[in-house]
Student: 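Got a structure for you, questions after.
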Amino acid sequence: MRTKIKDILNSESLDYTVNIKGWVRSFRNNQFIALNDGSTIHNIQIVINPEQADEAVLKNIQTGASMNINGKVIASQGKGQRVEIVAENFEVLGTCNPEEFPLQAKNRPSLEYLREIAHLRFRTNVFGAVFRVRHSIAYAIHKFFNDKGFVYLHTPIVTASDAEGAGEMFRVTTLPFDNPPRLENGEIDFTEDFFGKSTNLTVSGQLEAELAAMSFGEVYTFGPTFRAENSNTTRHLAEFWMVEPEVAFNDLKDNMNLAEEFIQYIIRYVLEHNMDDLQFLEERLANEEKQKPANERSEMSLLEKLNFVINNQFERITYTEAIDILLQSKPYQKKQFKYDVSWGIDLQSEHERFLVEKHFKKPVIVTDYPKDIKAFYMRQNDDGKTVAAMDILAPGIGEIVGGSQREERLELLEKRMEEMDIPTEEMYWYLDSRRFGTAPHAGFGLGFERMVLFITGMTNIRDVIPFPRTPKNAAF
RNA sequence: UCUUCCUUAGCUCAGUUGGUUAGAGCACCUGACUGUUAAUCAGGGGGUCGCUGGUUCAAGUCCAGCAGGGAGAGCCA
């Protein structure tokens, strides 16, 4: 029966026999193996007697090799660790040629290089920590909603809905791309396609979630999402995971409260369950920041930032107030913004960063945006100019949540769809939810990887998903 | 897609105003040592300087194109 390294390190007991299996991180002095099994960021030290070992076996104890070890857990005879394992017998299960294996203990591979060997990068401390934390965040999301009585809804990955306008879509088809069937006017005949119509990968499960919310009251989705945008940034992926709660009878304020509670819950959960990994990631971030000029370094360490977010309420301002703050800001008056500020503009990155990182220095919820820069389904406010939208902006990440109260009034929704050229006939199923027992409701979407970025302090979204899909890259 | 920067050994990087045989640290290999902590010490091997073309007596170095990557912007989560 295999014992996990995490359990040995967490246990107070000594002088018991264990079997452990894992991968060699380093082999020192022909005698000391640092072994890691992924259960924790920490290694355990295995002490072997080189005189008892076959020389051929000894030679195979190389960085990256997998081993099976039986031995006794004892108080460490040396300094640097509390316990160690004296091996009684051991074997190398899988060898690892050091001339070919790139992850050697003393190497300092860059994150960019590790991205090119994403199939091996799990075996590093950084990615071990990141993906254990990623797992915890995913689990915390399900636990949060489950404990509140939400129903987890699996919305379709292949959709025919082309209406939402959340971005460019990936087409799904079985038609031969070199010679597709065509109509008389030359257009491709999608009635011949697998689904009998043009289909794409989903860009959002929101519209389907709204339908289910009209029965269960509280639902959430958590699944892959695809955007075929040619986005090359540290915070965009072509394939990413999104969480979308949708709650009947909630208004915008309820929606904000839910989102804030949700984010704080996740952070609290990770602080409670992944402190070892967070401490390592905090150190990693501190080292990365040392490379930057002093004025670009963040004022808080990773753990300080996370504690700050759970201990302080998010700032809540309306779009109109945000514009006023920007107009009165130093960078605006000194003409340091690249983009002009006036009521009606979409906030640019530089504006969001000023509000979040300079002015409020904490997460900010901006509400009630002009209706012309937001989606058709958002509830129209009485002023006739704005909609009940809310975006949560996080330091270093930008928009981490986008949500709104939805337009539940059929006539107003139909009118807005017509204004925005959304085909109402095709969307009859969506409009039916407003025809039959419509109710006020609200929801939001949280970018899962952006949340992982925020919590781990990593700076590139490609380093918080196992195998990133970005323009020109679908390796592994 | 736009702007900008980068590409030299397995990894991280030097390489001067263009000038002989392109360097360092680590990794790797060989040997020594054996309570080490990114073990240490001595020795050794390792390069189509991203690719293609151009300028020049001479190109890692200058110019152009292409490819890949980073950062920022747009779009958004």
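The chains referred to below are lettered A, B, ... by the order of the sequence lines, with proteins before strands, and numbering in each begins at 1.
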Student: Applying side-chain hydrogen bond (donor to acceptor under 3.5 Å, both in side chains), name anything that partners Arg284(A), two or more places apart in sequence or on another chain.
Tutor: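 Testing Arg284(A) for side-chain hydrogen bond (donor to acceptor under 3.5 Å, both in side chains), a comparison that skips the adjacent residues, returns Glu288(A).
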Student: Please find out if less than 6.0 Å separates the ring center of Tyr220(A) from that of Tyr152(A).
Tutor: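 Yes, the ring of Tyr220(A) comes within the 6.0 Å limit of the ring of Tyr152(A), centre to centre.
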Student: Under 4.0 Å: is that the gap between some side-chain N or O of Arg450(A) and OP1 or OP2 of C76(B)?
Tutor: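 No, no such contact exists.
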Student: Please tell me whether Asp251(A) and Gln405(A) have a donor and an acceptor in their side chains that are separated by less than 3.5 angstrom.
Tutor: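 On atom types as modelled, these side chains do not qualify, holding no pair under 3.5 Å.
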Student: Are Arg115(A) and Asp463(A) ion-paired here, with the side-chain N under 4.0 Å from a carboxylate O?
Tutor: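 A salt bridge links Arg115(A) with Asp463(A).
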Student: So, Phe32(A) and G35(B): ring centres less than 5.5 Å apart, planes less than 30° off, yes or no?
Tutor: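 No; centroid distance or tilt outside limits.
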Student: Using the C1' atom in both, what is the distance from G18(B) to U55(B), to the nearest Å?
Tutor: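 Roughly 12 Å separates the two C1' atoms.
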Student: May I ask you to check whether Tyr265(A) and Phe144(A) place their ring centres under 6.0 Å from each other?
Tutor: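 Yes, ring centres under 6.0 Å apart.
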Student: May I ask you to decide if the ring planes of Phe337(A) and His351(A) are parallel, tilted or perpendicular, using 30° and 60° as cut-offs?
Tutor: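 Perpendicular: the ring planes of Phe337(A) and His351(A) meet at over 60°.
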Student: May I have the distance from Glu112(A) (atom CD) to G68(B) (atom C1'), rounded to whole angstrom?
Tutor: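 Roughly 13 Å, once rounded to whole Å.
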Student: May I ask you to check whether Phe222(A) and Phe448(A) place their ring centres under 6.0 Å from each other?
Tutor: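 Centroid distance Phe448(A)-Phe222(A): below 6.0 Å, so yes.
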Student: Suppose you measure atom P in U1(B) against the same atom in G47(B); what distance do you get, rounded to whole Å?
Tutor: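 Those two atoms are separated by 37 Å.
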Student: Would you state whether a donor and an acceptor, one from the side chain of Asn460(A) and one from the base of G70(B), lie under 3.5 Å apart?
Tutor: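 There is none.
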Student: Do any side-chain nitrogens or oxygens of Ser26(A) fall under 4.0 Å of OP1 or OP2 in A38(B)?
Tutor: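 No, no such contact exists.
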Student: Both Lys374(A) and Pro471(A) contact RNA chain B. Which one's nearest nucleotide lies toward the 5' end?
Tutor: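 Its nucleotide being nearer the 5' end, the pick is Pro471(A).
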Student: Is the base of U12(B) touched by the side chain of Arg108(A) through a donor-acceptor pair closer than 3.5 angstrom?
Tutor: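 Side chain to base: no pair below 3.5 Å.
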Student: Do Gln45(A) side-chain and U36(B) base share a donor-acceptor contact under 3.5 Å?
Tutor: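 A donor-acceptor contact between them is present.
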Student: Of the residues in residues 93-105 of chain A, which ones touch RNA chain B at a heavy-atom distance under 4.0 Å?
Tutor: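 Pro98(A), Glu99(A), Gln104(A), in order of number.
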Student: Give a yes or no on whether a donor-acceptor pair under 3.5 Å exists between the nucleobase atoms of U34(B), that is its base, and the side chain of Glu51(A).
Tutor: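 There is none.
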Student: Which parts of residues 121-146 of chain A get close to RNA chain B, meaning a heavy atom less than 4.0 angstrom away?
Tutor: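 Contacting residues: none.
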Student: Does the side chain of Leu302(A) come within less than 4.5 Å of Leu281(A)'s, by heavy atoms?
Tutor: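 They are in contact (side-chain heavy atoms under 4.5 Å apart), so the answer is yes.
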Student: Please report the C-alpha distance between Tyr377(A) and Tyr430(A) in whole Å, then the side-chain angles of each, then the deciding distance to 0.1 Å, and finally whether the ring-ring contact (aromatic ring centres under 6.0 Å, His included) criterion is met.
Tutor: CA-CA 10 Å; Tyr377(A) 50 74; Tyr430(A) 185 69; 7.3 Å; no
Student: Just by distance, with hydrogens left out, do Asp368(A) and Thr318(A) show a side-chain donor and acceptor under 3.5 Å apart?
Tutor: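 Distance-only check fails for Asp368(A) and Thr318(A).
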Student: Donor-acceptor pair under 3.5 Å: do we get one between Ser231(A)'s side chain and the base of C75(B)?
Tutor: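 Under the 3.5 Å cut-off, the side chain and the base do form a donor-acceptor pair.
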Student: Just the rounded figure in Å: distance from P of U12(B) to CD of Glu288(A).
Tutor: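 The distance from CD of Glu288(A) to P of U12(B) comes to 15 Å, rounded to the nearest Å.
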Student: Looking at U3(B), which nucleotide sits across from it as a Watson-Crick or G-U wobble partner, both distances under 3.5 angstrom, or is there none?
Tutor: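 When the pairing criteria are applied, A71(B) turns out to be the nucleotide that pairs with U3(B).
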Student: OP1 or OP2 of G70(B) less than 4.0 angstrom from a side-chain nitrogen or oxygen of Lys472(A), does that happen here?
Tutor: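 So the side chain of Lys472(A) is outside the cut-off, no N or O lying under 4.0 Å from OP1 or OP2 of G70(B).
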Student: Do the side chain of Asn232(A) and the base of U1(B) come within less than 3.5 angstrom through a donor-acceptor pair of N or O atoms?
Tutor: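 Side chain to base: pair found, below 3.5 Å.
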Student: Would you say Arg235(A) reaches A73(B)'s phosphate, i.e. side-chain N/O to OP1/OP2 under 4.0 Å?
Tutor: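 Looking at the OP1 and OP2 atoms of A73(B), one of them is under 4.0 Å from a side-chain N or O of Arg235(A).
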